[in-house]
Colleague: 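First the structure, then my questions, so here it is.
Computed from a prediction, not measured in an experiment: that's the story for all the values here.
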Amino acid sequence: MVKLALTKQRRFVDEYLIDQNATRAAIAAGYSPKTARVQGSRLLANADISTEIRARQNKLSRELNITAQDKRAKLWQIAQFCSEKMERPDGELCMRNPKAATAAIAELNKMDGDYQKKAGEETKVNFIQIFSSDDELPNTHINATALPLDD
């Protein structure tokens, strides 16, 4: 494992490993909440910090004996559970948690390398359920194209 020079950096790694939220980890490590998002991004880009994070994640996986297949199985269970239809108090059917289901499927896609895009390729996003706003019609479908981010 890499020897991190600064106490804040070590604390950032410890905190980041809890939930992989760089902004929260930066705040917990003692960085200003006003600059935490930028600091978290900067810290993750630091070679020593990213090496330490990977090493500690690998160590945890070995100690807990968690394989990629175990992770895939759990993510699939989450996606299925969160995709189940349930009835709201007003009688309308909806997915249990569409955002969590989408996040689990997105993570599975990342694990399988399905997000390898060619240069100039657009990302298509299809929303199949309205998440909020009572004045919109139920079962409305929205098609959107995600624009590439500037690096």
Colleague: Return the minimal non-hydrogen interatomic distance between T23 and A36, and the atom names on each side.
Modeller: O-CB, 3.7 Å

Colleague: Taking R56 for the side chain and T51 for the main chain, is one N or O donor matched with an acceptor at less than 3.5 Å?
Modeller: no

Colleague: Is there a side chain to side chain donor-acceptor pair (under 3.5 Å) between D70 and T67 once you walk through the steps?
Modeller: CA-CA 5 Å; D70 295 333; T67 65; 3.2 Å; yes

Colleague: Measuring only between side-chain heavy atoms, which start at C-beta, is Q80 closer than 4.5 Å to E84?
Modeller: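 Heavy-atom side-chain distance check fails, nothing below 4.5 Å.
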
Colleague: When you compare the side chain of N21 with that of Y16, does any pair of heavy atoms fall below 4.5 Å?
Modeller: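 Heavy-atom side-chain distance check fails, nothing below 4.5 Å.
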
Colleague: If you look at every heavy atom in G40 and A26, which pair is closest and at what distance?
Modeller: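 Smallest interatomic distance, heavy atoms only, reads N-CB, 4.1 Å.
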
Colleague: Under 3.5 Å, is there a donor-acceptor pair between the side chain of T102 and the main chain of P98?
Modeller: yes

Colleague: Kindly give the heavy-atom pair with the smallest separation between I27 and P33, and that separation in Å.
Modeller: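 In this case the closest contact between I27 and P33 is CG1-CA, 3.9 Å.
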
Colleague: Might you point out which heavy atoms bring A101 and M95 nearest each other, and give the distance in Å?
Modeller: CB-CE, 4.1 Å

Colleague: If you define the side chain from C-beta out and look only at heavy atoms, does anything of L43 sit under 4.5 Å from Y31?
Modeller: yes

Colleague: On a heavy-atom basis, which atom in G30 and which in K8 lie closest, and how many Å separate them?
Modeller: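 Smallest heavy-atom distance, with atoms named: O-NZ, 3.6 Å.
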
Colleague: More than 12 foreign heavy atoms under 6.0 Å from CZ of R37: is that the case here?
Modeller: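 For R37, atom CZ is not crowded (no more than 12 foreign heavy atoms under 6.0 Å).
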
Colleague: What about L44 and V13, same hydrophobic cluster or not, with Ile/Leu/Val/Met/Phe/Trp/Tyr joined at side-chain heavy-atom distances under 4.5 Å?
Modeller: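 L44 and V13: one cluster.
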
Colleague: For residues D48 and Q9, determine if any side-chain heavy atom of one lies less than 4.5 Å from a side-chain heavy atom of the other.
Modeller: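 With C-beta onward as the side chain, the pair stays apart.
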
Colleague: After noting the C-alpha distance and the side-chain angles of Q57 and R54, does the key distance pass the side chain to side chain donor-acceptor pair (under 3.5 Å) rule?
Modeller: CA-CA 5 Å; Q57 286 172 330; R54 275 193 308 279; over 6 Å; no

Colleague: Do M86 and C94 come close enough that some side-chain heavy atom pair is under 4.5 Å?
Modeller: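 Yes, their side chains come closer than 4.5 Å.
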
Colleague: Rounded at 0.5 Å granularity, tell me how far CD in E52 sits from NZ in K59.
Modeller: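 Separation between the atoms: 9.5 Å.
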
Colleague: Group every Ile, Leu, Val, Met, Phe, Trp and Tyr by side-chain heavy-atom contacts under 4.5 Å, then state whether F12 and L17 land in the same group.
Modeller: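 Yes, because F12 and L17 connect within a single hydrophobic cluster, where side-chain heavy atoms sit under 4.5 Å apart.
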
Colleague: Do any N or O atoms from the side chain of S50 and from the backbone of A47 form a donor-acceptor pair under 3.5 angstrom?
Modeller: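 Here the side-chain-to-backbone pair exists.
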
Colleague: Could you tell me the separation between the CD1 atom of I105 and the OG atom of S83, rounded to the nearest 0.5 Å?
Modeller: 5.0 Å

Colleague: Under 4.5 Å between any side-chain heavy atoms of S61 and K71, yes or no?
Modeller: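 Yes. Closest side-chain heavy atoms under 4.5 Å.
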
Colleague: Please find the pair of heavy atoms, one from R72 and one from M111, that lie closest to each other, and give the distance.
Modeller: NH2-O, 3.5 Å

